[in-house]
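Report on the structure given below.
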Amino acid sequence: MDIKKLLVPNDSKIVFYIADGLGGLPHPDYDYKTELEYAKTPNLDALAKRSVLGRTIPVRHGITPGSGPAHFGLFGYDPASFEVGRGVLEALGVNFPLEKNDIAIRCNFATLSKDGKILDRRAGRIPTEEAIPVIEKIKKATQGKIEDVEVFVFPVKEYRFGVVLRGEGLTDCIPDTDPQKVGVKPLPVKSTCKEGEKTERILSRFVEIAHDAIKDEGKANGFLLRGISKLPDLEPFPSKFKLKSLALANYPMYKGLARLVGMDTPEAGAQFQDLIRMLKEKWDEYDFFFVHYKWTDKAGEDGDFLKKVHYIEEFDSFLKDVIELNPDVLVVTGDHSTPALWKGHSWHPSPLLLYSKVAGADNQERFTERTCKDGYLGTIYAHDLMPIVLANAGRLKKYGA
């Protein structure tokens, strides 16, 4: 069904209030509660009493998503039907002017042992100000061209930096060099297709030159390649759903996700309160607002249960500012689950809350994974959420006679 034929414009306001990696698992050290259950969340719980609850499957059952696919699902795109690499998202996130045939790569600084094994996949999460001088060394060593290919190197945020290759005959059929574990060497740059031989050669040479340039650095004496990719062809979100759309995020990758689907992404500031301030300032100018909170995911990946609890409580504290704006539809969920017990993204459903003036209520006392399991909305694929939201906003007319 082409949902665009059913869309009708109106003045309703829709907010997606997203806590990255929100979902958790019962932890044996904390009374077998999840982080969301353990946290004190008075605003979420009060809202849950007048909302309908459910759960979302980010991609497919049992599939652990990256942040890109997980967000595309929330934005109403089926992430199983296409793939967008993290390199593209990081480049767009810092406003790099990507061209159609560019190859974009997201790089993580890593700490390597003397024999080249990975000691830390994120180089101790060094801050941006420590990463920039190291990036400058790589940039200086690789500036210009490798063969006939231009190489661009630029900072992203914290331990991340980006690389873009521009030239003829390049492809993105190169898997990550990140083995996703420590105690082993980075994987070699290796093409999975015949036409990728040139890209493999160029990237291998880049890695060789760059690693030599930073081999004497402390924590950031190596790096891992991730998300080697080209720009996809996607219908913009504003035309797909007839919504003038604003994305508010602190981290470049999430700005990149929003820019890729055509949302406006102004620079709001480095703190979450800056995003809330801009939400209020821009309230009369847009129909749809995507507000992204990152820190819950970071704590989950670190395996720090109590830190994730703290960030959930902070996320809850800002919710009252969103509610005071009186949105017609308010969605609270995560893009995926990042349980502290698992120390990474997982395949588990994300808890989902939907408030609208016509949605009704489940009369649940709290917003948690367990209450959401029993909610009216049930368990749905994330990409099926947008039609439900649009219906609650009065933006879909009747189908058929």
Side-chain angles (χ1 to χ4, degrees), residues 1-19 43-44 46-54 56 71-77 234-249 254-255 257-268 272-293 318-333 335 352-362 376-377 380 382-400:
M1 176 189 294
D2 184 4
I3 197 173
K4 288 179 71 173
K5 295 179 180 179
L6 304 179
L7 293 171
V8 289
N10 62 28
D11 295 328
S12 61
K13 302 286 187 180
I14 300 167
V15 177
F16 273 34
Y17 190 63
I18 307 300
N43 296 302
L44 280 167
L47 185 61
K49 294 176 183 178
R50 52 196 182 100
S51 303
V52 289
L53 308 181
T56 63
H71 278 87
F72 287 127
L74 288 178
F75 296 158
Y77 301 85
L234 290 175
E235 181 180 7
F237 182 93
S239 62
K240 184 178 177 69
F241 297 116
K242 293 184 180 177
L243 294 168
K244 189 176 182 185
S245 310
L246 179 71
L248 298 171
Y254 305 96
K255 296 175 187 175
L257 281 162
R259 285 173 184 150
L260 186 59
V261 298
M263 296 184 191
D264 289 349
T265 54
E267 294 297 330
F272 190 68
Q273 52 262 39
D274 297 324
L275 306 188
I276 298 299
R277 173 184 51 78
M278 184 162 282
L279 174 68
K280 296 175 181 178
E281 291 175 359
K282 299 289 186 180
W283 187 249
D284 294 333
E285 300 176 33
Y286 291 88
D287 307 312
F288 177 90
F289 304 84
F290 162 58
V291 185
H292 180 265
Y293 184 88
F318 283 105
L319 179 61
K320 64 180 183 297
D321 294 290
V322 181
I323 293 172
E324 287 173 0
L325 289 168
N326 194 29
D328 296 281
V329 181
L330 172 57
V331 169
V332 182
T333 188
D335 54 335
L352 168 67
L353 178 155
L354 186 150
Y355 165 80
S356 84
K357 297 174 176 65
V358 295
D362 287 334
Y376 167 80
L377 291 172
I380 63 174
H383 68 266
D384 288 329
L385 177 60
M386 272 304 299
I388 297 171
V389 169
L390 291 166
N392 275 273
R395 288 176 175 265
L396 290 181
K397 64 183 178 181
K398 183 174 69 173
Y399 171 66

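Computed from a prediction, not measured in an experiment: that's the story for all the values here.
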Donor-acceptor pair, side chain of Lys320 and main chain of Asn43, under 3.5 angstrom =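 No: the side chain of Lys320 does not pair with the backbone of Asn43.
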
So, does Arg395 use its side chain to make a donor-acceptor pair with the main chain of Val389 at under 3.5 Å?
->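 No; judged by distance alone, with no hydrogens or angles, the pair does not exist.
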
[X] to [Y] - nearest heavy-atom pair and separation:
X: Tyr254; Y: Ala249; value: CB-CB, 3.8 Å
X: Ile14; Y: Ala393; value: CD1-CB, 3.9 Å
X: Leu353; Y: Ser51; value: CD2-OG, 3.6 Å
X: Met278; Y: Pro266; value: SD-CG, 3.4 Å
X: Met263; Y: Ala247; value: SD-CB, 3.9 Å
X: Pro327; Y: Tyr355; value: O-CE2, 4.0 Å

side-chain contact (heavy atoms from CB on, under 4.5 Å) partners of [X], counting only residues at least two apart:
X: Lys397; answer: Leu6, Val8
X: Pro387; answer: Ile3
X: Asp362; answer: Val52, Leu53, Gln364, Tyr376

Pairwise side-chain contact, Met386 with Val331, heavy-atom cut-off 4.5 Å (strictly under) |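 Side-chain contact under 4.5 Å: no.
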
Working to the nearest 0.5 angstrom, can you tell me the gap between [X] [atom1] and [Y] [atom2]?
X: Glu267; Y: Asp274; atom1: CD; atom2: CG; value: 11.0 Å
X: Leu74; Y: Leu385; atom1: CG; atom2: CG; value: 7.0 Å
X: Leu243; Y: Phe237; atom1: CG; atom2: CZ; value: 5.0 Å
X: Thr333; Y: Leu354; atom1: OG1; atom2: CG; value: 10.0 Å
X: His292; Y: His71; atom1: NE2; atom2: NE2; value: 4.0 Å
X: Leu330; Y: Tyr17; atom1: CG; atom2: OH; value: 9.0 Å

Please check if any side-chain donor atom of Asp328 sits under 3.5 Å from a side-chain acceptor atom of Ser12, or the reverse.
->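 No, Ser12 and Asp328 have no side-chain donor paired with an acceptor closer than 3.5 Å.
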
Give the intermediate values and the outcome of side-chain contact (heavy atoms from CB on, under 4.5 Å) for residues Phe72 and Leu260.
-> CA-CA 10 Å; Phe72 287 127; Leu260 186 59; 3.5 Å; yes

Name every donor-acceptor pair, under 3.5 Å, that has one atom in a side chain of residues 284-291 and the other anywhere in the protein, sequence neighbours excluded.
residue	atom	partner	partner atom	Å
Tyr286	OH	Asp264	OD2	2.7
Asp287	OD2	Lys244	N	2.9

With sequence neighbours left out, what residues match Asp321 under salt bridge (charged side-chain N to carboxylate O under 4.0 Å, His left out)?
->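 Asp321 satisfies salt bridge (charged side-chain N to carboxylate O under 4.0 Å, His left out) with Lys280 only.
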
Of all residues at least two apart in sequence or in a different chain, which pass the salt bridge (charged side-chain N to carboxylate O under 4.0 Å, His left out) check with Lys4?
->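 Once residues adjacent in sequence are excluded, the partners of Lys4 under the salt bridge (charged side-chain N to carboxylate O under 4.0 Å, His left out) criterion are Glu235.
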
Counting only heavy atoms not in Asp11, do more than 12 sit closer than 6.0 Å to its CG atom?
->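 No.
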
